[in-house]
Amino acid sequence: MFTPQGPTLRELAVQAFSSIEHGYDLLAPKFDHTPFRTPDHLLDAVVRTVRPLGPFATGLDICCGTGAGVGALRRLCDERVIGVDFSAGMLAAAAASSPGSASAASHEFTSAAVDWVRADARALPFAPAFDLAVSFGAFGHFLPAERPVLFARAHAVLRPGGLFVFPLPAPPPVGSALYWALWGFDTAMRLRNLLWHPRFVMYYRTFRLPEVLDELARTGFTTELLPLTDLGRRPDGSPRCALVVARRE
């Protein structure tokens with residue numbers, strides 16, 4: 001599937017009927033050869049937008065996977081960067097890869113030290129020591145009822161004035177091919193979780209901007225949206241993707 005180096009259809013099926021943790025342990029060696037890895041053009045857009053908000057000494061990538069977001073943090077943070085994930089397989093793949101992800105050769109990185117920590121994002125084992133926290137593509141793994149805890153932990157690990165940032169694509173137009181594809185995926189996932197255990201939580205249509213902003217505010221963040229204009233605009237002129245910037249006061 002996807003590329004000759006990527007997972008086979010059978011391997012993806014086995015992953016889909018596993019728990020989230022075990023499924024990603026299985027997928028980890030081939031994850032970077034799938035479309036699920038955060039693309040470099042998105043990482044580049046985030047780095048360009050976040051850099052003027054700095055400087056940053058320490059950074060945390062929440063649900064880091066194989067480390068693509070850690071590569072972005074190494075372009076922004078001067079002292080220390082940590083990637084945290086609860087999949088041991090993903091962390092092993094991240095640690096074994098070249099520093100800064102697949103785009104390492106084309107970007108200038110700081111001299112920040114890099115560490116990998118296995119932990120649940122809902123119970124991050126850190127003091128408030130970070131200037132910048134990021135997350136890419138992981139929020140679909142958390143049910144809406146879990147978001148307050150997730151955001152509270154992100155808030156708790158930031159220093160006063162620290163930022164929690166993440167990109168959020170605009171929702172597809174109602175009735176578009178992408179709209180129906182995401183609707184179909186979420187429906188199939190709900191049916192799978194109804195009939196099969198352990199659950200594999202991954203939903204695309206449950207992370208809605210108005211609800212997310214309200215929950216961030218209740219957690220104690222002040223928020224703003226910055227357009228990622230490098231990623232293009234929709235026909236109505238609005239950005240295809242925005243960066244949510246949540247600041248701990």
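The shown structure was predicted, so the numbers you read here are calculated from the model rather than taken from an experiment.
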Checklist outcome for this item: Those residues at least two apart in sequence (or on a different chain) that pass salt bridge (charged side-chain N to carboxylate O under 4.0 Å, His left out) with Asp186 are none
Checklist entry - Pro167: what forms a side-chain contact (heavy atoms from CB on, under 4.5 Å) with it, not counting sequence neighbours? => result Leu42, Val46, Phe136, Leu228, Cys241, Leu243
Next on the checklist: According to salt bridge (charged side-chain N to carboxylate O under 4.0 Å, His left out), who are the partners of Arg240, at least two apart in sequence or on a separate chain?
Outcome noted: none
Next on the checklist: For the CZ atom on Arg199, are there more than 12 heavy atoms of other groups (residues, nucleotides or ligands in this structure) within a distance under 6.0 Å?
Outcome noted: no
Next on the checklist: If the condition is side-chain hydrogen bond (donor to acceptor under 3.5 Å, both in side chains), which residues does Asp115 pass it with, not counting sequence neighbours?
Outcome noted: Arg80
Checklist outcome for this item: Applying side-chain hydrogen bond (donor to acceptor under 3.5 Å, both in side chains) to Glu224 and not counting sequence neighbours gives none
Item to check | Pairs flagged by salt bridge (charged side-chain N to carboxylate O under 4.0 Å, His left out) wherever residues 158-181 is involved - sequence neighbours left out | outcome: Asp131-Arg159
Under 3.5 Å, which donor-acceptor pairs link side chains of residues 177-184 to any protein atom two or more places apart or in another chain?
residue: Trp180; atom: NE1; partner: Gly175; partner atom: O; Å: 3.4

Checklist outcome for this item: For Asp78, the salt bridge (charged side-chain N to carboxylate O under 4.0 Å, His left out) test, sequence neighbours excluded, returns none
Next on the checklist: Can you list everything that forms a side-chain hydrogen bond (donor to acceptor under 3.5 Å, both in side chains) with Thr222? Sequence neighbours excluded, please.
Outcome noted: Glu249
Checklist entry - With no hydrogens and no angle check, is any side-chain donor or acceptor of Thr49 less than 3.5 Å from a backbone partner on Ala45? => result yes
Item to check | With Glu79 via side-chain hydrogen bond (donor to acceptor under 3.5 Å, both in side chains) - residues at least two apart | outcome: none
Item to check | For His155, side-chain contact (heavy atoms from CB on, under 4.5 Å) partners two or more places apart | outcome: Thr219, Phe221, Arg248
Checklist outcome for this item: The complete set of salt bridge (charged side-chain N to carboxylate O under 4.0 Å, His left out) pairs with one or both residues in residues 161-175, sequence neighbours excluded, reads none
